[in-house]
Amino acid sequence: MIQLYHVHKNYGNYQALVDVSLKVEKGEFLYITGPSGAGKTTLLNIVFCGVKADHGQILVGGKNILKLNDSDIPYYRREIGVVFQDFKLLPRKTVYENIAFAQRVIGVSSKEIKRKVWAALKMVGLSHKKDLLPPRLSGGEQQRVSIARALINEPSIILADEPTGNLDYDISMEIMKLFEDASAKGATVIVATHNREILKTFPHKVVKLNRGKVVEE
Amino acid sequence: MNLLHPFIYAFQEAMTSIRMNKGLNAITIGTIAVSMTLFGIFLLTYINLQKAATGLGGKIKMVAYLKDTVTHQQAESLKKTIASYNEIERFSYIAKEEALSDFKKKLRDKKTILDGLGSNPLPASFIIEVKESFKTLSSMEDIARRLENIEGVEEVEYGREWIDRFETLMVFFKLGMTAVGGVLMVGLLFIISNTIKLSVYSRLDEIEIMKLVGATNRFIKGPFIIEGMIQGLLGSFISILLLTVIYEIFMSKINPSLMIIFGLSDLSFIQPKLIAGMVISGISLGFIGSVVSLGRILKVRT
Ligand SMILES: Nc1ncnc2c1ncn2[C@@H]1O[C@H](COP(=O)(O)OP(=O)(O)O)[C@@H](O)[C@H]1O
Ligand SMILES: [Mg+2]
């Protein structure tokens with residue numbers, strides 16, 4: 001599903017990724033670990049087409065994403081759900097509107113949005129909080145909203161960048177459970193994390209990065 | 001999916017944005033209105049001067065004096081030659097005797113001073129009116145030169161100096177107007193693009209999420225472009241209103257006899273074509289201003 005061949009990425013003189021090659025099968029669940037600054041975020045961003053690799057090849061679903069035009073990228077991204085450590089919710093929009101907004105801006109009709117948002121809210125167990133503003137929610141709840149937003153289109157790929165970074169153990173496990181469910185339904189999931197407890201509780205294939213290099217697989 | 005949906009969405013978002021930044025938008029729209037009004041005053045002055053000029057120009061005649069040796073027969077063939085000029089609207093022939101009797105009429109009771117003259121000193125002439133489009137200095141000059149070269153024509157006179165001066169004035173006016181218009185346009189583009197930029201900055205968090213979920217650039221830009229276009233549209237509407245008010249005040253204050261001197265029955269006010277032009281320029285300014293400010297902000301990948 002996702003293949004990287006000898007990918008390099010420099011920021012100025014700084015080598016953020018050095019000769020990274022890896023392969024993720026369809027429906028597979030992969031962890032990317034490594035200390036802060038190892039290049040985890042950069043790697044996810046390259047798959048997401050947020051940054052462009054300097055060298056190498058990246059195939060996603062058979063497509064060479066380095067060859068995508070800027071105008072193709074939005075459509076490519078609709079196939080990918082992304083989740084971040086800091087949730088990236090709009091503080092002045094309600095839970096419902098936050099999820100609906102992400103649908104509206106890709107041109108989904110209001111009727112369709114209503115149906116899908118309800119289903120997504122139900123999936124993450126937040127139907128009763130749909131009218132609250134994000135700052136009124138706990139961190140775990142906010143992350144569940146952002147996951148609802150990421151999963152609403154049933155993406156074939158899910159990229160999560162330290163999704164439990166700010167959360168307690170119990171809450172982290174709840175969040176990881178949502179990714180497990182999505183994976184069980186056939187999505188390809190990549191989670192960047194340096195939380196060892198997660199790796200132990202939900203063991204999957206692990207790629208370890210250090211200073212931009214793959215050090216362990 | 002409804003084809004109109006993205007447009008309706010963009011329009012709603014633009015209105016929300018304007019409502020959120022009311023003060024800034026009001027200032028921008030006001031600046032557009034005042035600038036366009038200033039330019040409109042220039043333009044209307046120019047149009048009316050030009051109209052006055054054609055009014056006065058209509059009175060400028062070209063007179064070709066004939067040599068005394070020209071016979072009636074020769075005069076007849078000259079008539080044919082002059083009639084063949086397609087720059088000439090109409091002309092009339094004044095024979096020597098006619099010129100003298102006209103002159104006597106003008107002198108009235110003093111006409112006895114002419115009694116001592118043995119012969120008629122006045123030449124025969126053609127009084128020529130040139131077509132509107134040829135009433136420029138260069139074509140009048142050209143026509144006069146060609147007429148002077150005709151056998152039997154002594155001299156050609158026309159309001160050379162007057163045309164010269166007026167043309168110079170209008171050239172300066174046009175230059176001034178272009179300069180003022182250019183400066184105002186650049187200023188307006190700058191102001192509009194800055195307002196839109198602030199509008200973009202106040203919604204950067206939304207834009208970030210729009211990019212994450214795969215909104216197209218067009219979808220992201222749409223509301224801001226429409227916001228700029230609405231500013232331009234409202235600005236031009238207000239300036240048309242302001243110009244109307246200024247025109248009414250001017251007309252009520254102006255001395256009617258001044259108008260008659262200029263040969264104007266009334267001043268030209270903004271015609272539908274001009275109104276359309278102002279509205280279109282307003283909208284275009286808004287469009288260009290916002291597109292300029294959106295250029296780099298919405299880069300897809302680094
Ligand atoms: N936009 C950028 N410009 C310059 N350096 C960057 C940029 N993004 C990341 N880096 C650097 O690249 C390295 C890898 O960053 P990142 O991929 O965020 O690592 P991680 O997510 O594993 O903490 C870091 O040293 C970081 O400072
Ligand atoms: Mg990171």
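Naming: A, B, ... by sequence-line order, numbering from 1 per chain.
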Would you say [atom1] of [X] has more than 12 non-hydrogen atoms from neighbouring residues, nucleotides or ligands within 6.0 angstrom?
X        : atom1 : result
A/His194 : NE2   : no
A/Arg78  : CZ    : yes
B/Phe11  : CZ    : no
A/Glu112 : CD    : yes
A/Lys213 : NZ    : no
B/Met185 : CE    : no
B/Lys174 : NZ    : no

Original post:
Side chain, backbone, both or neither: which part of A/Tyr76 has an atom under 4.5 Å from a heavy atom of chain B?
Top reply: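 When you check distances to chain B, no heavy atom of A/Tyr76 falls under 4.5 Å.
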**OP:** Please flag which part of A/Pro155 lies under 4.5 Å from any non-hydrogen atom of chain B: side chain, backbone, both or neither.
**Re:**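 For A/Pro155, neither part sits under 4.5 Å from chain B.
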Original post:
Rounded to the nearest 0.5 Å, how far apart are CD1 of A/Ile73 and OG1 of B/Thr216?
Top reply: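 If we round to the nearest 0.5 Å, A/Ile73:CD1 and B/Thr216:OG1 are 12.5 Å apart.
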Give me the atom names and distance for the closest heavy-atom approach of [X] to [Y].
X        : Y        : answer
A/Phe48  : B/Leu212 : CZ-O, 3.2 Å
B/Phe219 : A/Arg104 : CZ-O, 3.5 Å
A/Ile106 : B/Ala215 : CG2-N, 3.7 Å

Original post:
Considering only heavy atoms, which portion of B/Glu13 lies under 4.5 Å from any heavy atom of chain A: side chain, backbone, both, or neither?
Top reply: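 Nothing of B/Glu13, per the 4.5 Å heavy-atom cut-off to chain A.
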Original post:
Does the side-chain contact (heavy atoms from CB on, under 4.5 Å) test come out yes or no for B/Val213 and A/Arg77, once each step is laid out?
Top reply: CA-CA 6 Å; B/Val213 299; A/Arg77 287 180 181 168; over 6 Å; no
**OP:** Take B/Ile209 and A/Arg149 through the side-chain contact (heavy atoms from CB on, under 4.5 Å) test and state the conclusion after the steps.
**Re:** CA-CA 10 Å; B/Ile209 289 161; A/Arg149 185 180 65 195; 3.7 Å; yes
